[in-house]
Number of protein chains: 2
Amino acid sequence: MGTTQLETVPEPKYWHLKTVLSDALDSEFAVGEILPNERELAARFGVARATLRQALEQLELEGRLQRRRGVGTTVAPPRVGVPVDPARHTWPGAPGDDWQPVDAVETDTVPAAVTRLLETAPGDRVHIVRRSRVTNGQPVAAELLYVPTAAVPGCVEPASAGAQTRARAVLQELHKLALDGQDRTVELGSARAEDAKQLDRLPGAPVLVVTTRYVSAGRTTAVAVSTYRADTCRLTFGESDAVAVLAG
Amino acid sequence: MGTTQLETVPEPKYWHLKTVLSDALDSEFAVGEILPNERELAARFGVARATLRQALEQLELEGRLQRRRGVGTTVAPPRVGVPVDPARHTWPGAPGDDWQPVDAVETDTVPAAVTRLLETAPGDRVHIVRRSRVTNGQPVAAELLYVPTAAVPGCVEPASAGAQTRARAVLQELHKLALDGQDRTVELGSARAEDAKQLDRLPGAPVLVVTTRYVSAGRTTAVAVSTYRADTCRLTFGESDAVAVLAG
DNA sequence: CAGTGGTCTAGACCACTGT
DNA sequence: CAGTGGTCTAGACCACTGA
């Protein structure tokens, strides 16, 4: 019948908008530059602010934009390559890693997913070490490291000691054990309120959740749940460090 | 002065809603079960539909829900663990990997990011092999594998051959080379229209983008850009395969 | 065809930032 | 304080699915 239907699929406005904005970012804006505010952009493109925001959200998700309440929308720098898989397999807190211990608490309530990985009973006491990872002065990740108290019996730092001191004590006890190996999973999540604050983001911000299992003496001895800012980070794995140079 | 200001931070409605729904999913719903439709849920919680949708979007991002237009919202099964780092370092298409070659084309226009990794000149001809990864009958990833024509001079499959045949031919030529190593990056992205169709998602859906660099004879010989559904996949890395069993 | 989720509008108010 | 992005509303219409 030869129906001349060129556009069977009407492209959503926000999708088209995203493309237009993305091209504009490439050609007309420099990193760090401030975009016009949302109300003006929406007016300029002849759409409702909600629609404009849908496009901006996608661009932020892809790491092209950075939005801060009360400030404005800026063009984001290229994502930072963050090495996740050190060539040498070492315990967390070994010299050379760029994590900062923050504090440590001992508790008997841990997420079910962690209990499963640690193969502990639901009521067992566990140390939780909080750590923070900073690259180029920017916080890129927050971490909760779970270590069953039974695995580090030598760790008897009193609660009166400084928070950071207790954290270091747990790590030092860990280092006395032989590390057999480790494995990891990566998945998408949304930042818990606590992590969000540490990462300087709003709650619910998209994050890459890296779960690392440390195996010692044929047993899972520690589990680290690391929460990376998905907008600013590109996780790098593998033997070669040459890959870290591809920023540009 | 003792101002009794318990809630300095008014929790956004959608955030609270998400928590409530999340708990309900744990206790009152089985995997695969259909939730009430959005209009009814919004009415039941006394919020606008847009607000309710904001909560559902987050839950879908976290892999708790699955929404399909024209059908409804269902409770999603736990994420599938997808092994990304085979113990043996092998070329793509080696026996044992669960990727299906789809087709192959030869072109001289590739994304700038890929050109940079391959260290090719902007006009150099490159094979693009499209592959698809299926797990449990579900498409979980789409891939574009870039191989400079110069790297596989023996590959002279005519365009008249079947699409899949040409794809296999490129892979077979690759296998003749010695593989020195590989490295990867993982970052968050949004599905291009083409990938979205292959993954049975809408354009813009969140995806985990895995970029693999294959090194041969001290040179980057191939680059694979694999796009995994972020809602249903948990990427697994590392030596132990025991981690794949943690689904529950 | 009826019912679902997806897109879009035009407003309002709030929380936060910097000056 | 003015200006920004974040939240929320109450509607409307569209695209898709399955009976």
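Chain letters run A, B, ... following the sequence lines, proteins first, then strands; residues in each count from 1.
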Does E33(B), at its CD atom, have more than 12 non-hydrogen atoms belonging to other residues, nucleotides or ligands within less than 6.0 Å? yes
Whole-Å gap separating P (dT4(C)) and CD1 (I34(B)): 10 Å
Residues forming a salt bridge (charged side-chain N to carboxylate O under 4.0 Å, His left out) with R201(B), sequence neighbours excluded: E60(B), D231(B)
For T74(A), enumerate each residue passing the side-chain contact (heavy atoms from CB on, under 4.5 Å) test, keeping only those at least two apart in sequence or located in another chain. I34(A), Q66(A)
Writing each nucleotide of DNA chain C 5' to 3' as (, ), [, ], | or . by Watson-Crick or G-U pairing under 3.5 Å yields ||||||||||||||||||.
Would you mind reporting whether V84(B) and V186(A) have side-chain heavy atoms less than 4.5 Å apart? no
What is the distance, rounded to the nearest whole Å, between atom CG of D200(A) and atom C1' of dC16(C)? 12 Å
Sequence neighbours left out, what passes salt bridge (charged side-chain N to carboxylate O under 4.0 Å, His left out) with E38(A)? Give chain and number order. R49(A), R53(A), R67(A)
So do E28(B) and V75(B) actually touch side chain to side chain, heavy atoms under 4.5 Å? no
Base versus backbone protein contacts along nucleotides 5-12 of chain C [heavy-atom cut-off under 4.0 Å; B, S, -]: BBBSB--B
Can you name the residues that form a side-chain contact (heavy atoms from CB on, under 4.5 Å) with E194(B), not counting sequence neighbours? R130(B), R192(B)
More than 12 foreign heavy atoms under 6.0 Å from CG of D200(B): is that the case here? no
